[in-house]
Amino acid sequence: MSATAATVAFVHTLLGPDHYLPFVAIAKARSWSIAKTIRTTLLFGIGHITGSIIIGLVGVYAGIQLGALEWLENTRGSFAAWMLIAFGLVYMVWGVRKAYKDRPHSHGHLHGHVWHVHQHSHHDKHTHIHQKTDGVVAPMALFFIFVLGPCEALIPILMYPAAKESVGTVLLVTSIFSIVTVLTMLMTVIFSVWSLKNIKLPRLERFSHAFVGGTMLMCGCSITLFGL
């Protein structure tokens with residue numbers, strides 16, 4: 001069952017774009033260091049699997065029917081997906097609005113007999129205020145949504161079948177699933193961020209937050225429409 005747990009965790013994580021794309025987008029938009037990206041992804045990964053582990057252990061040892069737990073996990077998943085859609089939409093609109101305010105303007109001034117033209121953004125003077133608050137609010141909201149999202153494969157495919165053998169088997173497959181899930185998230189995010197670090201698109205840079213919101217919106221829709 002160890003190999004099954006590792007395989008299920010790996011495939012489940014890769015097929016779910018919400019496990020890595022939001023972190024890649026945010027890290028790129030906010031110019032996070034690799035260390036901060038790793039810490040954030042690790043924290044989110046642990047939070048993501050903890051809820052399902054607790055529910056699964058309670059269900060297994062309290063004798064709750066598997067169908068009831070599957071209903072609970074599906075309900076959690078649908079709620080988290082719609083929250084991700086809503087948050088992604090709001091964040092994308094905010095990002096578009098921010099990009100509009102940050103658009104460069106050209107102004108000409110006559111200094112003596114010389115005409116000078118310079119560019120600036122009217123939003124520049126407010127940037128330092130918003131960066132601090134926006135840098136905290138968005139990841140915290142995403143963390144809350146991510147913790148609500150279940151690991152759909154863990155309980156029915158691994159924990160309940162393992163419970164027929166022994167407590168040790170349940171703990172073993174749960175541990176393997178958790179470790180492989182988090183490691184897969186980390187490897188995917190780090191590789192993606194590293195691959196994108198040298199890609200510079202100055203004209204589109206001010207739309208980076210809109211892109212983050214669009215990514216979350218897309219991930220939420222993929223969960224709702226395709227069950228990813």
Side-chain angles (χ1 to χ4, degrees), residues 2-53 56 73 76-77 80-81 83-85 87-88 91-92 95 135 138-155 157-158 173-201 204-205 207-228:
S2 298
T4 302
T7 302
V8 170
F10 181 75
V11 174
H12 165 75
T13 304
L14 283 185
L15 290 181
D18 59 303
H19 287 80
Y20 47 88
L21 286 184
F23 309 111
V24 175
I26 291 180
K28 180 68 175 176
R30 300 181 183 275
S31 300
W32 283 355
S33 65
I34 291 296
K36 182 171 183 177
T37 303
I38 291 174
R39 289 196 303 269
T40 303
T41 305
L42 182 62
L43 176 63
F44 277 57
I46 294 173
H48 176 56
I49 61 178
T50 299
S52 290
I53 290 175
E73 289 290 86
R76 288 177 64 213
M83 286 190 66
L84 189 59
I85 290 173
F87 180 68
Y91 197 90
M92 183 174 66
M140 285 184 62
L142 184 60
F143 178 76
F144 177 73
I145 296 171
F146 212 71
V147 170
L148 284 178
C151 294
E152 294 87 349
L154 177 59
I155 296 175
I157 297 178
L158 299 173
V173 297
T174 301
S175 299
I176 292 174
F177 180 90
S178 302
I179 292 171
V180 174
T181 295
V182 174
L183 287 178
T184 304
M185 287 177 61
L186 284 172
M187 290 188 297
T188 307
V189 170
I190 293 170
F191 176 77
S192 301
V193 170
W194 179 81
S195 300
L196 294 172
K197 69 177 182 178
N198 292 323
I199 298 178
K200 306 293 183 182
L201 300 171
L204 299 179
E205 187 174 346
F207 292 97
S208 59
H209 291 288
F211 177 74
V212 172
T215 301
M216 296 180 189
L217 177 62
M218 181 194 70
C219 290
C221 289
S222 68
I223 297 172
T224 302
L225 298 177
F226 307 110
L228 297 178

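- Using the six-membered ring where Trp is involved, His19 and Phe146 have ring planes that are perpendicular, over 60° apart on the 30 and 60° scheme.
- Residues satisfying the side-chain contact (heavy atoms from CB on, under 4.5 Å) criterion with Phe211, sequence neighbours excluded, are Ala25, Thr215.
- Leu148 and Arg76 make their closest contact through O-NH2, 3.1 Å (heavy atoms, listed as atom of the first residue, atom of the second, distance).
- For the pair Ser52/Glu73, a side-chain contact is recorded, criterion being any heavy-atom separation below 4.5 Å from C-beta on.
- Distance alone, capped at 3.5 Å, is enough to place a donor-acceptor pair between the His48 side chain and the Gly149 backbone.
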Extract all donor-acceptor atom pairs below 3.5 Å that involve side chains of residues 2-9 and protein atoms in other chains or at least two apart in sequence.
| residue | atom | partner | partner atom | Å |
| --- | --- | --- | --- | --- |
| Thr7 | OG1 | Ala3 | O | 2.8 |

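- Every residue two or more places apart in sequence or in another chain was checked for a ring pair (Phe, Tyr, Trp, His ring centres under 6.0 Å) with Phe10, and none qualifies.
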Donor-acceptor contacts under 3.5 Å from residues 184-194 side chains, at least two apart:
| residue | atom | partner | partner atom | Å |
| --- | --- | --- | --- | --- |
| Thr184 | OG1 | Val180 | O | 2.6 |
| Thr188 | OG1 | Thr184 | O | 2.7 |
| Ser192 | OG | Thr188 | O | 2.8 |

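- At a threshold of 4.5 Å between non-hydrogen side-chain atoms, the residues Thr37 and Val24 do not count as touching.
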> Please walk me through it: do Asp18 and Ile145 pass side-chain contact (heavy atoms from CB on, under 4.5 Å)?
Replying inline: CA-CA 11 Å; Asp18 59 303; Ile145 296 171; over 6 Å; no
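- Considering only residues two or more places apart in sequence or on other chains, Met218 meets the side-chain contact (heavy atoms from CB on, under 4.5 Å) condition with Leu21.
- In this structure, Phe23 and Phe44 have perpendicular ring planes: the angle between them is above 60°, well past the 30° mark.
- Residues forming a side-chain contact (heavy atoms from CB on, under 4.5 Å) with Ile46 (at least two apart in sequence, or on another chain): Leu42, Thr50.
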>> As a quick check of understanding, evaluate side-chain contact (heavy atoms from CB on, under 4.5 Å) for Leu154 and Val173, giving each step before the final call.
In response: CA-CA 9 Å; Leu154 177 59; Val173 297; 6.0 Å; no
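- In this structure, Thr13 has no side chain to side chain donor-acceptor pair (under 3.5 Å) partners at least two apart in sequence or on a different chain.
- Under the rule for a side-chain contact (heavy atoms from CB on, under 4.5 Å), the partners of Thr174 that lie at least two apart in sequence or sit in another chain are Ile53, Met159, Val170, Ser178.
- Two rings, from Phe87 and Phe144, have their centers 6.0 Å or more apart.
- Rounding to the nearest 0.5 angstrom, the gap separating the CG atom in Leu217 from the OG atom in Ser222 is 10.0 Å.
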>> Show, in sequence, the C-alpha distance, side-chain angles and deciding distance for Leu43 and Arg39, and conclude whether the side-chain contact (heavy atoms from CB on, under 4.5 Å) test is met.
In response: CA-CA 6 Å; Leu43 176 63; Arg39 289 196 303 269; over 6 Å; no
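- A search for ring pair (Phe, Tyr, Trp, His ring centres under 6.0 Å) contacts involving Tyr20 returns nothing, not counting sequence neighbours.
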